[in-house]
Amino acid sequence: MTGDEQAPPRWSIVEDTLLRSCRVWDLRMRRYRHPHSGKEGDFFYIDSRDWAVVVARTVAGEIVLVRQFRWGADELCWELPGGIVDAGEDPVAAGLRELQEETGYVAASGRLIGQCRPNPAILNNFCHVIFADGCRLSNEGTDWDEHEEMEVRILPEATVMDWVRSGKILHALALNGLFFYQIHAVAAAK
């Protein structure tokens, strides 16, 4: 058996309702119906644009991290640069744009190395992981959004991985990005 033979059935959408529109996402409710039993239920989700996070490696081989205040956690968090992919924007272009806006760094090259669904229980979007290589500090500086304020830190890769192991980096999307980076690094070494 491959596992597909016992996969649970896909429920059908009966209704999809906008409950609240916010600056960067919408809160929506979907009523679903089970295809066999006919039972129905209301489920809430966040309709969000895709996100991009960037594993940025400098010309010296160090990793670019940012630390900023996160309102949900009510604390400062170490993470990878990143943000929202604008409508119609290529995820790699969005990641490289966010890298420059948040850190002032620009990359010699960038490419998609992975993607995930941040939390498919309540979110409908993807997070794209971009690897930006050959990063250098630009003359343009940063261009933070109205409520952004960041510390930018350039660290050796080994230190970044120590921060992961010690729990200093807890942002799930940063951890996911570093996971894809490690897969990329192992594959490139073969």
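None of these values were measured; they are calculated from a predicted model.
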Rounded to the nearest 0.5 angstrom, the CG-CG distance for Asp47 and Asn124 is 4.5 Å
Partners of His147 by ring pair (Phe, Tyr, Trp, His ring centres under 6.0 Å), sequence neighbours excluded?
-> none
Just how far is it from atom OG of Ser21 to atom CZ of Arg28, taken to the nearest 0.5 Å?
-> 9.0 Å
Those residues that, when tested against Glu151, pass side chain to side chain donor-acceptor pair (under 3.5 Å) (two or more places apart) | Arg67, Arg153
If you group Ile, Leu, Val, Met, Phe, Trp and Tyr by side-chain heavy-atom gaps below 4.5 Å, do Val54 and Phe131 land in one group?
-> no
Just how far is it from atom CG of Leu137 to atom SG of Cys135, taken to the nearest 0.5 Å?
-> 10.5 Å
Ile169 side chain reached by Leu65 side chain, heavy atoms, under 4.5 Å = yes
Heavy atoms, side chains only, cut-off 4.5 Å: are Ile63 and Trp163 in contact?
-> no
Please confirm whether the backbone N or O of Ala121 pairs with a side-chain atom of Asn119, one donor and one acceptor, at under 3.5 Å?
-> yes
Give a yes or no on whether Val164 and Val66 share a hydrophobic cluster (residues Ile, Leu, Val, Met, Phe, Trp, Tyr; joining criterion: side-chain heavy atoms under 4.5 Å apart).
-> no
Identify, with sequence neighbours excluded, every residue that meets salt bridge (charged side-chain N to carboxylate O under 4.0 Å, His left out) alongside Arg117.
-> none
Check the pair Glu15, Thr17 against side-chain hydrogen bond (donor to acceptor under 3.5 Å, both in side chains), reporting the backbone distance first and the verdict last.
-> CA-CA 7 Å; Glu15 182 181 2; Thr17 307; 3.2 Å; yes
For a quick test of your reading: what N or O donor-acceptor pairs under 3.5 Å do the side chains of residues 79-92 make, sequence neighbours left out?
from  : atom 1 : to    : atom 2 : distance (Å)
Glu79 : OE1    : Arg70 : NE     : 3.2
Glu79 : OE2    : Gln68 : NE2    : 2.9
Glu79 : OE2    : Arg70 : NE     : 3.4
Glu79 : OE2    : Arg70 : NH2    : 2.5
Glu89 : OE1    : Asp86 : N      : 2.9
Glu89 : OE1    : Arg97 : NH2    : 2.9
Glu89 : OE2    : Arg97 : NE     : 2.9
Asp90 : OD2    : Val92 : N      : 3.0
Asp90 : OD2    : Ala93 : N      : 3.1

Can you list the steps and then say if Lys168 with Trp78 is a side-chain contact (heavy atoms from CB on, under 4.5 Å)?
-> CA-CA 7 Å; Lys168 192 167 185 174; Trp78 284 106; 3.8 Å; yes
Candidate pair Leu112 and Phe180, rule side-chain contact (heavy atoms from CB on, under 4.5 Å), full reasoning = CA-CA 10 Å; Leu112 183 70; Phe180 276 112; over 6 Å; no
Residue pair Pro35 / Arg10, side-chain heavy-atom distance below 4.5 Å = no
Those residues at least two apart in sequence (or on a different chain) that pass side chain to side chain donor-acceptor pair (under 3.5 Å) with Asn125 are none
Is a donor on one side and an acceptor on the other found under 3.5 Å between the side chain of Ser37 and the backbone of His34?
-> no
Cut-off 3.5 Å, no hydrogens considered: what does the side-chain donor-acceptor table look like for residues 103-111, sequence neighbours left out?
from   : atom 1 : to     : atom 2 : distance (Å)
Thr103 : OG1    : Leu99  : O      : 2.5
Thr103 : OG1    : Tyr105 : N      : 3.0
Arg111 : NH2    : His184 : ND1    : 2.6
Arg111 : NH2    : His184 : NE2    : 3.2

Salt bridge (Lys or Arg N to Asp or Glu O under 4.0 Å) pairs touching residues 130-140, sequence neighbours excluded, are Arg57-Asp133
With Arg165 via side chain to side chain contact (heavy atoms under 4.5 Å, CB included) - residues at least two apart = Met161, Asp162
Mind checking side chain to side chain donor-acceptor pair (under 3.5 Å) for Thr58 and listing every partner two or more places apart, or none if nothing turns up?
-> none
State, to 0.1 Å, how close Asp50 and Phe126 come at their nearest heavy-atom pair, and which atoms those are.
-> OD1-N, 3.0 Å
About how many Å separate CD of Gln115 and NE2 of His128, when rounded to the nearest 0.5 Å?
-> 5.5 Å
Drop me the distance from Phe44's CZ to Leu27's CG, to the nearest 0.5 angstrom.
-> 7.5 Å
Would you kindly confirm whether Val53 and Val55 end up in one hydrophobic cluster when ILVMFWY residues are joined by side chain heavy atoms under 4.5 Å apart?
-> yes
Side-chain polar contacts of residues 171-179 - donor-acceptor pairs under 3.5 angstrom, sequence neighbours left out - could you list them?
from   : atom 1 : to     : atom 2 : distance (Å)
His171 : ND1    : Leu173 : N      : 3.2

Between Arg30 and Asp42, is there a side-chain N and carboxylate O pair less than 4.0 Å apart?
-> no
Can you tell me how far the OG1 atom of Thr159 sits from the CD1 atom of Ile154, to the nearest 0.5 Å?
-> 12.5 Å
Is Ile122 reachable from Leu19 through a run of I, L, V, M, F, W or Y residues, each pair having side-chain heavy atoms under 4.5 Å apart?
-> yes
Take Phe69 and Asp74, measure what side-chain contact (heavy atoms from CB on, under 4.5 Å) needs, and give me the verdict at the end.
-> CA-CA 7 Å; Phe69 184 76; Asp74 192 37; 3.3 Å; yes
Sequence-distant partners of Glu149, side chain to side chain contact (heavy atoms under 4.5 Å, CB included), two or more places apart | Trp144
If you link ILVMFWY side chains whenever their heavy atoms are less than 4.5 Å apart, which other residues fall into the same cluster as Tyr45? By chain and number, please.
-> none
Under 30°, 30 to 60°, or over 60°: which ring-plane class applies to Phe43 and Trp11, parallel, tilted or perpendicular?
-> perpendicular
